[in-house]
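Atoms considered below: every heavy atom in the structure, side chains included; atoms not considered: hydrogens, waters and symmetry mates.
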Amino acid sequence: MNQYKSEQDFIWDSLDELFPNTTSDIYPEINENHTLDAELKEKESFMIIDALNLCDYNQTHTASALGIGRTNLIAKMKKYGFPSVS
């Protein structure tokens, strides 16, 4: 049984070398201050900016393109400090 275990350990060690399982190995540029919440806020704000540009800053069309309500879009724009467009 020890023989099988050592073969299995060898396989797992080889897999660990090929496919690292820690985020620091996969994403060495990410620091500890970079959280999931910060990443989601950044992604959401970029999506809003892209949709606003695509819809010529028409809030109704932008909200529809993002699949959210217009008032929700306005609240998110205030949250991220976007200039209000009337």
Margin query: Closer than 3.5 angstrom, by distance alone: can the side chain of S64 be matched with the main-chain N or O of T60 as a donor-acceptor pair?
Written below: no

Checklist line | Shortest non-hydrogen separation from C55 to A65 and the atoms involved | finding: SG-CB, 4.2 Å

Notebook entry, point to check: Cluster question for you: counting only ILVMFWY and a side-chain heavy-atom cut-off of under 4.5 Å, with indirect links fine, are Y57 and M77 together?
Noted result: yes

Note to self: Measuring only between side-chain heavy atoms, which start at C-beta, is I68 closer than 4.5 Å to K76?
What the structure shows: yes

Check: So if you build clusters from Ile, Leu, Val, Met, Phe, Trp, Tyr with side-chain heavy-atom gaps below 4.5 Å, do L73 and F82 land together?
Finding: yes

Checklist line | Note, T62 side chain near L66 side chain (heavy atom, < 4.5 Å) | finding: yes

Item checked: Residue pair Y80 / I49, side-chain heavy-atom distance below 4.5 Å -> no

Notebook entry, point to check: When rounded to the nearest 0.5 angstrom, what distance separates NZ in K43 from CG in L36?
Noted result: 13.5 Å

Next item on the list: Enter the distance from N72:CG to K79:NZ here, rounded to the nearest 0.5 Å.
Entry: 9.5 Å

